[in-house]
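Just below is one structure, and these are the notes that go with it.
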Amino acid sequence: MRLLLIHSDHIEYETRKKTKVAEENVVPKDALDEALTVFCAVESVDEENIEDAVRQAVDEIVATAGQLGTTNIMIYPYAHLSADLASPEAAVSALRGIEDALARKGGFVVKRAPFGWYKAFSISCKGHPLSELSRTIVPGEGAAAEKKEIEHEFFVLTPEGERKNVDDYLKEDTRFASLIRKELGHPGQEGGEPVHVDLMRGKELVDYEPRSDVGNLRWMPRGKLIRDLLSDYILARVLDYGGMPVETPVMYDLGDRAISEHAAKFGERQYRFRSGNRDMMLRFAACFGMFCTMHDMHISPNTLPMKLYELSTYSFRHEQKGEVIGLKRLRAFTMPDMHTLCRDVDDALASFEEQLAIGWQSGVDLETPLVGAFRCTRDFFDQYELWVKEIVAKSGVPMLIELLSERSHYWIAKVDLAAIDAQGRPIENPTVQIDVESADRFDIKYYTPEGAEVHPPILHCSPTGSLERVICAMLENTATEEVPSFPTWLAPTQVRLVPVAGRHVCFAEEIGTRLNAAGLRADVDDRDESVNKKVREAGMDWVPYVAVIGDQEAETGRLTVTVRRLSENKKPYKESMSEDELIQAVKMETTGKPFRPLYTPRLLSKKPRFI
RNA sequence: GCCGCUGUGGCUUAGCGGUAUAGCGGCUGAUUCGUAAUCAGCAGGUCGGGGGUUCAAGUCCCCCCAGCGGCUCCA
């Protein structure tokens, strides 16, 4: 709801002509002196919880009136304050609600201009600093959630099937204990600036874009390369698993019932806008597109489970401004999103297990150690306790279990795997969820041989979590490394060749060309700088293999290579290798991982600076 | 969104009532160098934006924007 509050010497209106949505039995003409005039637009989000929107609006009006010392209030419906209006019925009910509530408070003279009429009006504004105020009201999810009062029960399950008290873990200095402390609301000490925010800019990966909205980033070539390689990694895993890649639109029409219902579950955390005469929203995940696809498909139970996959570029979530930070929490982010249409719950449990394993494996492959929490309703746990114990056993590590007294979202069970940042806070990454609502809502169905209609469970799965958070976790992990680095397959430059003098550049370029042809990202620092400086900067670029190229190398054909992973602080590890041995060394480390060529010029003299 | 802190050239920063420091980076020149910074010169700032106080404002006050910490929240 949008409010424009004007402290006015005088306000008067007169109805002229009805619109299609005009209210009946109205006061056609009225006026008020010394009044707080409240121009008001009821918006579509208000329909999620009209009572709360009304309550907040009334609080706001009473507070303002108190500040101004006025007791006369004119409520004036004014559609032009918003591009995303509620239905006329909802608007009238909200306006009446505000009027009644104010009247009931006593001490106010309350008048209300009629809704849905063309009206003439004149107003004189007092013009003092507080005389014009605007407010935006969003009905609270909080207020709605309070009614439900969901109870949460936490405990730990070990791989051996033992049920343990969470308190046993609270004091431990482990990643798992960090997760438990956060989940149970035990405050950690105040952290400083996160490591990754410095690094994401300092290493020329990704940066804030002040000319966009908060939480929308710009990617520089080195960061773009890492992101693309990660997406290649996930695609390979998904294809291997039998997922089918698709691509669907980023925006949806809120006029569609299934869309607006699904969207309403997530309150105000959406980008909404008007396009022509349609109210639209930006997707917050790829669910919409895939559910629409599934709805339109002819589904045979014989082709289930069916997995659709999309790299949701982007997923948009209008997080509160104070919640947005670095790569950890964004308003536009890249989420690998797979949806599995299952035959039945048993089928869903089997797929869940497979997808959980993919999630754990991503932590190994991407070198971002993960810890796990499994959450489900108490009913689900009572029924499938053995299965829950089995997936913990297969995970091989203790997991935090959270039981909810009733279902509050669309899922009945889900697992969240999290990396832990340098301040001991979780970065929630891979997830698998069992959705029991969406097939109904989007009318996704198949028929049994007997002809019965089935709206089956759907799994949501992000095999790695958002790519931004994966990179966040990697950068945070470097805080504890003596010699920080990226995994070699992700290093923007894998081999840096450093010619000693100008006359060696040509030779270094020849080697570089051969390394590139062999599928390595090698560049040549041909700048007119000292060898010392070029080696230092290769280190600051976290280049895993650095070779100085001079007369010696030209004569012997052997390279002295500094291997970052084997080096200690101030103690570089050097090894003599042939060109082929260098190629093999890189291949050994990157085998089975995706490859893309350099995203920056091969000659460093041609590489521009971004930061 | 709320409370708090911060905001000086591309980056890191000095100055905290008298219109601005330095280093890195950039450019130019010299240097052609063997594993973590070669030397010199030059250019680059309406001190986040707007308003106010003052003879005078990065410096004090107000509003806004952004970043960070905390709260709330996180499908």
Salt bridge R407(A)-E437(A), side-chain N to carboxylate O under 4.0 Å: yes
5' precedence on RNA chain B between Q433(A) and E537(A) (nearest-nucleotide basis): E537(A)
Rounded distance in Å - CG (L604(A)) to P (G26(B)): 12 Å
Anti or syn - G58(B), cut at 90° from 0: syn
Side-chain touch M251(A)/F273(A), heavy atoms, less than 4.5 angstrom: yes
Sugar-phosphate only, base, or nothing, as touched by K414(A) at under 4.0 Å among non-hydrogen atoms: sugar-phosphate
Distance below 4.0 Å between K321(A) side-chain N/O and A66(B) OP1 or OP2: yes
Of the listed nucleotides C74(B), U35(B), G69(B), the one nearest the side chain of R425(A): G69(B)
Rounded distance (Å) that lies between atom P of C11(B) and atom CE of M540(A): 16 Å
Phosphate-side-chain proximity, K182(A) and C73(B), N/O vs OP1/OP2 below 4.0 Å: no
Whole-Å C1' distance, G26(B) and G10(B): 9 Å
Sugar-phosphate, base or nothing in reach of G202(A), heavy atoms under 4.0 Å: nothing
Candidates G70(B), A66(B), C68(B) - which lies nearest the side chain of E193(A): C68(B)
Sugar-phosphate, base or nothing in reach of Y208(A), heavy atoms under 4.0 Å: sugar-phosphate
Rounded C1' spacing from G9(B) to C5(B) in Å: 24 Å
U59(B) to G52(B) separation - C1' atoms, rounded to the nearest Å: 15 Å
Length of the CZ-P vector between R536(A) and A36(B), whole Å: 11 Å
Closest listed nucleotide, where the reference is the side chain of R201(A) and the choices are C11(B), A75(B), U35(B): C11(B)
Presence of salt bridge, K607(A) and E204(A), under 4.0 angstrom: yes
5' priority, RNA chain B, between T431(A) and T562(A) [closest heavy atom]: T562(A)
Distance, P atom - from G23(B) to C42(B), rounded to whole angstrom: 12 Å
Polar side chain donor-acceptor pair, D435(A) to H409(A), under 3.5 angstrom: no
R564(A) CZ - U35(B) C1' separation (whole Å): 14 Å
Pairwise C1' distance for G58(B) and G17(B), with rounding to whole Å: 11 Å
Pairwise C1' distance, C60(B) and G1(B) [rounded to whole Å]: 30 Å
Salt bridge present between K606(A) and D526(A) (N-O < 4.0 angstrom): no
Under 4.0 Å protein heavy-atom contacts per nucleotide of nucleotides 27-34 of chain B, with B for base, S for backbone only and - for none: ----BBBB
For atom CZ of R211(A) and atom P of C65(B), their distance in whole Å: 18 Å
Partner of R558(A) under salt bridge (Lys or Arg N to Asp or Glu O under 4.0 Å), chosen from E553(A), E581(A), E579(A): E581(A)
Minimum-distance nucleotide to R609(A) side chain [options: G25(B), A75(B), U72(B)]: G25(B)
Expected output: side-chain Q494(A) to main-chain A491(A) donor-acceptor under 3.5 Å: no
Y314(A) and N216(A): side chain donor to acceptor below 3.5 Å: no
Rounded P spacing from C65(B) to U28(B) in Å: 42 Å
Options U35(B), C68(B), A37(B), nucleotide nearest the side-chain atoms of K533(A): A37(B)
Spacing of H196(A) atom NE2 relative to C68(B) atom C1', expressed in whole Å: 11 Å
Each stem that RNA chain B is part of, given as range with range (3 or more consecutive Watson-Crick or G-U pairs, under 3.5 Å): B:1-7 with B:65-71, B:10-12 with B:22-24, B:26-30 with B:38-42, B:48-52 with B:60-64
Polar side-chain contact R329(A)-C73(B) base: donor and acceptor under 3.5 Å: yes
Aromatic ring pairing H318(A)/Y271(A), orientation class (parallel under 30°, perpendicular over 60°, tilted between): perpendicular
P atoms of G18(B) and G70(B), separation to the nearest Å: 37 Å
Donor-acceptor pair between T377(A) and E406(A) side chains, under 3.5 angstrom: no
Proximal nucleotide (of C68(B), A75(B), G1(B)) relative to the W411(A) side chain: A75(B)
Whole-Å distance separating the CZ atom of R218(A) from the P atom of A66(B): 15 Å
Spacing of Y314(A) atom OH relative to A75(B) atom P, expressed in whole Å: 22 Å
Sugar-phosphate, base or nothing in reach of V324(A), heavy atoms under 4.0 Å: sugar-phosphate
Side-chain donor-acceptor contact under 3.5 Å, D523(A) with T493(A): yes
Touch class at under 4.0 angstrom, heavy-atom based, for V214(A) against every strand present: sugar-phosphate
Check: E209(A) side chain, R211(A) main-chain N or O, donor-acceptor pair, under 3.5 Å: yes
